[in-house]
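The structure appears below as C-alpha cells.
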Number of protein chains: 2
Amino acid sequence: MPRTSDKRERLIRSADQLILRRGFRQTTLSDIAEDSGVPLGNVYYYFKTKEEIGRAIISGRTEAMKSLLAECSQAEDPKSRLLQFLDYPVKVRRELANNGCPLGTLSYELSHLNSKLCDSAKDLINIVLEWSTHQFELLGRADARQLGLQFVSNLQGMSLIANALKDPGVVDEMVERTRAWIASL
Amino acid sequence: MPRTSDKRERLIRSADQLILRRGFRQTTLSDIAEDSGVPLGNVYYYFKTKEEIGRAIISGRTEAMKSLLAECSQAEDPKSRLLQFLDYPVKVRRELANNGCPLGTLSYELSHLNSKLCDSAKDLINIVLEWSTHQFELLGRADARQLGLQFVSNLQGMSLIANALKDPGVVDEMVERTRAWIASL
DNA sequence: GTCTATATGTTGATAGAC
DNA sequence: GTCTATCAACATATAGAC
C-alpha cells in the first residue's frame, strides 16, 4: 500500500549518508537507489530531480541543527548553552574527522555550484551563527557578532582540519581551547 | 615549434582558476580546454588523465603557499612572521569570499574523493600548520602545536564563513581578531 | 606537436508496462 | 505506486590524420 511505504524516508536517509561521505556532486542517483534498496526508476516518483533531493538533505540537516540548538537553549545561562553545544562536536568527532562538518562541507560545495541550491549555503551557516551571536548578546557583549563569528569559525576550522588530517583528536583539542575561551569571557 | 609553446602553462592556469571557482569534480576537461584555447584532444598530450591535472594544481598551490611562507619567514621574529602572513588573506578577501580558501576548498573536496588525490588533502593543510606551529615553538610555547592548530583553524574557519555569507568583511574582522590574539601572546 | 573525430562509459531523467 | 528498459546528454579518454 502507498501510505505505508517508507521508501521516501529510506531514500533521504541513504542520500544524506552518501552525500556526507562523498559530497553531493559525487553521489549519483544510482548510488542512492542501490543503498536504499529502491529501484532507480522509482526514485523519480519521490523526487522529480536530483536538486530536489539536495533540498531535502539541506532541510533535514537544518532541522537537526535547530533541534540541537533548541536543546542547548534550555540551559540556564548563555555560557552554559555555548558550552553545552560544544559537547556535540566531541560526541561526533569520528564522523567529523571522516567526513567533515555536515553543514560546512555542504556549504562549501554548494557555494561552488551553478544551482539554486547555492543560496542555501548561506542559510546553513547562519543557523549556528545567529544562535551563538544571540548568546553573546545575552552576555551583554557589544562585540557579540564578532564573538559569534569566532565561535562558528572555530567549529568550522576544527572540522576542516580534523578531516584533512583524518584525526579526531584535533576536535578534542580545539573544543577544549574553545571551552576555555568561553569560560574566560 | 614545440619548445616555444605555452599550452601547458595556459592549461594549468585555466584549470586552477576554474577549479577554484567551481571545484575539481565540477570542472570538466572541456571547460579547461575552452578557457585555455587548447583543443580538447590536445589536452591529453600534456596530461594523460584528469587526475594528473589535479596533481598539477595541488602542486602549484602548494608551491605558491611555500613561497608566501618563505617571504614571511624573512621577518625578524616569529610574531612578526605570523602577523605578516595575515596580510595575505586580507589582500585576497574578495577571492576568499567568492571561492573560499584555495587550500581548504580543495582539501575538503579531495578528502571525499575515491582517488589517490585524497592523500594530498593532508599535505595541503599541513604546509601552513607546520610552519605556524614552528613559529610558536620559536616563541618558546610548550603548546605550540595547539596554537598552530588554532591559527590555521582561524584561517580556514574565516574563509568558509566568508564564502558562505559571500562577505569579504568577515575576513577583515576575523583577521583583526587573530592579530590581536597573536599580539597578546 | 597539433587537432578532428569518435569511442566508451556514466549520469540524470523519461516512457510505459504492470 | 512500482519497476524495467532506455534515452539523451555529457565526460573522460583514444585513434589517427596532419
Side-chain angles (χ1 to χ4, degrees), chain A residues 1-59 106 109-110 112-118 120, chain B residues 1-59 106 109-110 112-118 120:
Chain A
M1 274 318 193
R3 279 201 300 167
T4 57
S5 172
D6 61 343
K7 287 205 171 89
R8 190 188 161 89
E9 287 172 32
R10 268 159 47 208
L11 282 169
I12 291 183
R13 192 146 33 88
S14 289
D16 190 66
Q17 288 176 2
L18 289 171
I19 290 171
L20 190 58
R21 284 203 289 266
R22 332 217 279 233
F24 179 73
R25 188 67 164 70
Q26 184 77 8
T27 300
T28 69
L29 294 171
S30 179
D31 293 334
I32 298 170
E34 187 186 14
D35 187 79
S36 61
V38 175
L40 179 56
N42 198 6
V43 172
Y44 289 90
Y45 175 76
Y46 296 97
F47 300 97
K48 269 188 275 293
T49 63
K50 187 184 179 184
E51 188 174 308
E52 207 168 298
I53 294 183
R55 275 198 294 274
I57 268 56
I58 293 171
S59 172
L106 200 53
E109 184 175 5
L110 294 183
H112 290 325
L113 251 52
N114 304 334
S115 158
K116 293 162 193 167
L117 293 176
C118 193
S120 305
Chain B
M1 271 319 190
R3 280 200 299 166
T4 57
S5 171
D6 62 342
K7 287 204 171 91
R8 191 187 161 89
E9 287 172 31
R10 267 159 48 209
L11 281 168
I12 291 183
R13 192 146 35 88
S14 289
D16 190 66
Q17 287 177 2
L18 289 171
I19 289 171
L20 190 59
R21 285 203 289 267
R22 333 216 277 233
F24 179 73
R25 187 66 163 69
Q26 185 77 8
T27 300
T28 69
L29 293 171
S30 179
D31 293 334
I32 298 170
E34 187 186 14
D35 187 79
S36 62
V38 176
L40 178 56
N42 198 4
V43 172
Y44 288 90
Y45 175 76
Y46 297 97
F47 301 98
K48 270 189 274 293
T49 63
K50 188 185 179 184
E51 189 173 308
E52 207 167 299
I53 294 182
R55 276 197 294 274
I57 267 58
I58 292 171
S59 171
L106 201 52
E109 183 176 5
L110 294 183
H112 291 322
L113 251 52
N114 305 334
S115 159
K116 294 162 192 167
L117 293 176
C118 192
S120 305

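Sequence lines set the chain letters: A, B, ... in the order given, protein chains first and strands last, and positions in each chain run from 1.
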Partner set under side chain to side chain contact (heavy atoms under 4.5 Å, CB included) for Leu20(B), not counting sequence neighbours: Arg61(B), Asn99(B), Pro102(B)

Terminal helix-axis angle for the helix from dG1(C)-dC18(D) to dC18(C)-dG1(D), with five pairs defining each axis and rounding to 10 degrees: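 End-to-end axis angle: 10°.
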
Using side-chain hydrogen bond (donor to acceptor under 3.5 Å, both in side chains) as the criterion, list what pairs up with [X], not counting sequence neighbours.
X	result
Arg8(B)	none
Arg25(B)	Gln26(A)
Ser115(A)	Glu51(A)
Arg13(B)	none

Side chains of Tyr46(B) and Ile12(B) in contact at under 4.5 Å (non-hydrogen atoms):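 No. Closest side-chain heavy atoms not under 4.5 Å.
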
Euclidean distance, atom [atom1] of residue [X] to atom [atom2] of [N] [Å, nearest integer]:
X	N	atom1	atom2	value
Ile53(B)	dA11(D)	CD1	P	14 Å
Asp6(A)	dG1(D)	CG	C1'	14 Å
Ile32(B)	dA13(D)	CD1	C1'	14 Å

Gap separating the CD1 atom of Ile57(A) from the CG atom of Leu106(A), nearest 0.5 angstrom: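 Those atoms lie 9.0 Å apart.
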
Rounded distance [0.5 Å steps], OG1 in Thr27(B) versus CD1 in Ile53(B): 10.0 Å

Selection: residues 9-28 of chain A, any non-hydrogen atom under 4.0 Å of DNA chain D: none

Which nucleotide in dA13(D), dT2(C), dG12(C) has an atom nearest any side-chain atom of Tyr46(B):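 Of all the options, the side chain of Tyr46(B) is nearest to dT2(C).
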
Pro39(B), nearest nucleotide to its side chain (from dG1(C), dT2(D), dC3(C)): dC3(C)

[X] side-chain N/O to [N] phosphate OP1/OP2 under 4.0 Å:
X	N	value
Tyr45(B)	dG1(C)	yes
Ser5(B)	dT2(C)	yes
Lys50(A)	dA13(C)	no

Heteroatom pairs (N/O) under 3.5 angstrom, protein to nucleotides 14-18 of chain C:
none

Non-neighbouring partners of Arg10(A) that pass salt bridge (charged side-chain N to carboxylate O under 4.0 Å, His left out), sequence neighbours left out: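 Salt bridge (charged side-chain N to carboxylate O under 4.0 Å, His left out) list for Arg10(A), sorted by chain: Asp6(A).
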
Taking only distance into account, with no hydrogens and no angle test, what donor-acceptor pairs under 3.5 Å do side-chain atoms of residues 30-41 of chain B form with protein atoms, sequence neighbours excluded?
{"residue": "Asp31(B)", "atom": "OD1", "partner": "Arg22(B)", "partner atom": "NH2", "Å": "3.4"}
{"residue": "Asp31(B)", "atom": "OD1", "partner": "Thr28(B)", "partner atom": "OG1", "Å": "3.3"}
{"residue": "Asp31(B)", "atom": "OD2", "partner": "Arg22(B)", "partner atom": "NH2", "Å": "2.9"}
{"residue": "Asp31(B)", "atom": "OD2", "partner": "Thr28(B)", "partner atom": "N", "Å": "3.1"}
{"residue": "Asp31(B)", "atom": "OD2", "partner": "Thr28(B)", "partner atom": "OG1", "Å": "3.1"}
{"residue": "Asp35(B)", "atom": "OD2", "partner": "Ser14(B)", "partner atom": "OG", "Å": "2.6"}
{"residue": "Ser36(B)", "atom": "OG", "partner": "Ile32(B)", "partner atom": "O", "Å": "2.8"}
{"residue": "Ser36(B)", "atom": "OG", "partner": "Ala33(B)", "partner atom": "O", "Å": "3.2"}

Minimal non-hydrogen separation, Phe24(B) against Gly54(B), with atom names: CE1-CA, 3.7 Å

